[in-house]
There are 2 protein chains.
Amino acid sequence: MTDIKPGPNPLFLREAELRQAIEMLFFAYRDFTSEPDQILAQYGFGRAHHRVIYFVGRHPGITVSELLAILAITKQSLSRVLGQLVGEGFIEQRPGERDRRQRLLELTDRGRALERRLTENQRSRIARAFREAGAEAVEGFHRVLLNIIDECNRGRFDRRETLAAGTTGTEGATGAEGATGTEGAGLESAASRR
Amino acid sequence: MTDIKPGPNPLFLREAELRQAIEMLFFAYRDFTSEPDQILAQYGFGRAHHRVIYFVGRHPGITVSELLAILAITKQSLSRVLGQLVGEGFIEQRPGERDRRQRLLELTDRGRALERRLTENQRSRIARAFREAGAEAVEGFHRVLLNIIDECNRGRFDRRETLAAGTTGTEGATGAEGATGTEGAGLESAASRR
DNA sequence: CCATATATGTCAACATGACTGACATAAAAC
DNA sequence: GTTTTATGTCAGTCATGTTGACATATATGG
């Protein structure tokens, strides 16, 4: 009873540990999204807009299909928010070069500004948490979180790809290629889902 | 720390690391909730019902106010789902002893069965992730996640309390007291919020 | 005892973001 | 030249959140 786990019942402790993790995920995700939500409200946007802005910013030149695969929502749902974002000048569309049916998506300057404003918030929250928890904890955080994610979605977090995305640099015209490569695996599973 | 980051630009890597964490939270939370969502759909329920069932199960005898403070939604929103759960026999209400205005909430057998079914799913996902990541990683996971949570909500995860909840055992008639004690701090902040 | 505060419930209206189903168009592919 | 694919769109529904106003029962403090 003095310190931790002189335990009367290790199963109870394990139970408590799992329950705690469940609740921490709930509170962490809620707190993590609440500040951006407030910013978005100023623009008349919601969390759905944030997700679109985020992933378009992350994968410049992404196609609508790829975006749908990442978000795992219907095209009708995406259409509403994407339409607003394009209409209000946060996102630009341009036809694909090889396949002119595609509408490649990209942030405008205005979109990039909003993206920075929104993500900056979350980034600093994470950065603070990482700093306070220490490098070793960060490693464990990654490892556990990755294992919580469905196996079919873990491909998005391959060591190679993420680092590559950061080091290939420009992120401009080549973005489409990068996005296609990154989301290839995910596309299939999501496509089969709906 | 030794063999990682031979990197060309430590700022880029840090950027990538933060971005990766943001995305992992997104995917992890989505995958984490999707299976329970499917089960809930069979009952005509949604995620909101899950949250109510979960926290009532976790704090038997909890008051409506306390539940509102945890969920951080309006009483009108809660009323709808709570009304359904009571109406369909998943949750029971009884007047408070000291304060008869209160409606103390408790799961019925039926409610407990659903709670188990729902949470079992998430618990095994977390358990698997913990097992595959290792004890050290779990420690880091906890530390980081706790730091992501708003400071005012971290009180819910005091070492003492969680373990106490696990070791006090019975979780029956004494639940009301336990719940009141556990959520006391959180109540104020949320109460002042709306 | 009466006035006020608190715990809870309820009605009504609305916004967001998801869903399904059906249909349309342009371009690619075979 | 038919079929498939990428995308868009119309129309309706549902779940879950919101605000605002008001009702009721009980507690609490002069």
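Sequence lines set the chain letters: A, B, ... in the order given, protein chains first and strands last, and positions in each chain run from 1.
- Summarising the geometry, the separation between CZ on A:Arg100 and P on C:dA29 is reported as 12 Å, rounded to the nearest angstrom.
- Atom P of nucleotide D:dT18 and atom CG of B:Leu71 are separated by 10 Å, given to the nearest angstrom.
- In the model, A:Tyr29 has no side-chain atom that pairs as donor or acceptor with a side-chain atom of B:Arg30 under 3.5 Å.
- A:Tyr43 places its OH atom 16 Å from the P atom of C:dT16, with the value rounded to the nearest Å.
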Sugar-phosphate means primed atoms, P, OP1 and OP2; the rest is base. With that split, encode nucleotides 3-13 of chain C 5' to 3' as B, S or - using protein heavy atoms under 4.0 Å.
--BBSBBBB--
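- Look at CG on B:Asp37: it is 11 Å from P on C:dC19, rounded to the nearest Å.
- Remark: B:Arg51 is in phosphate contact with D:dG17, judged by side-chain N or O atoms under 4.0 Å from OP1 or OP2.
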Between side-chain atoms of residues 130-138 of chain B and protein atoms elsewhere (two or more places apart, or another chain), which donor-acceptor pairs fall under 3.5 Å?
none

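- Dashed line: the shortest gap from a side-chain N or O of B:His49 to OP1 or OP2 of D:dA15 is not under 4.0 Å.
- Within the 4.0 Å cut-off from OP1 or OP2 of C:dG17, not a single side-chain nitrogen or oxygen of A:Arg47 is found.
- Under the 6.0 Å cut-off for aromatic ring centres, A:Phe55 and B:Phe26 qualify, their centroids lying closer than that.
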Can you give me every donor-acceptor pair (side chain of residues 80-91 of chain B, partner residue at least two apart or in another chain, under 3.5 Å) with its distance?
residue	atom	partner	partner atom	Å
B:Gln84	OE1	B:His49	NE2	3.0

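- The side chain to side chain donor-acceptor pair (under 3.5 Å) test with A:Thr119 is passed by exactly one of A:Gln122, A:Glu115, A:Arg117, A:Arg123: A:Glu115.
- In this model, the phosphate group of C:dC19 is approached by a side-chain N or O of A:Ser77 to a distance below 4.0 Å at OP1 or OP2.
- Within the 4.0 Å cut-off from OP1 or OP2 of D:dG17, not a single side-chain nitrogen or oxygen of B:Thr74 is found.
- The nearest whole Å value for the distance from the CD1 atom in B:Ile73 to the P atom in D:dT19 is 12 Å.
- In this structure, A:Asp99 contributes its side chain and A:Arg101 its backbone to a donor-acceptor pair below 3.5 Å.
- Side-chain contact check for A:Arg19 and B:Tyr54: no donor-acceptor pair (N or O, by modelled atom type) lies under 3.5 Å.
- One can place CG of A:Leu68 at 13 Å from C1' of C:dA18, the figure rounded to the nearest angstrom.
- Nucleotide D:dA15 holds its C1' atom 14 Å from the CG atom of B:Leu85, rounded to whole Å.
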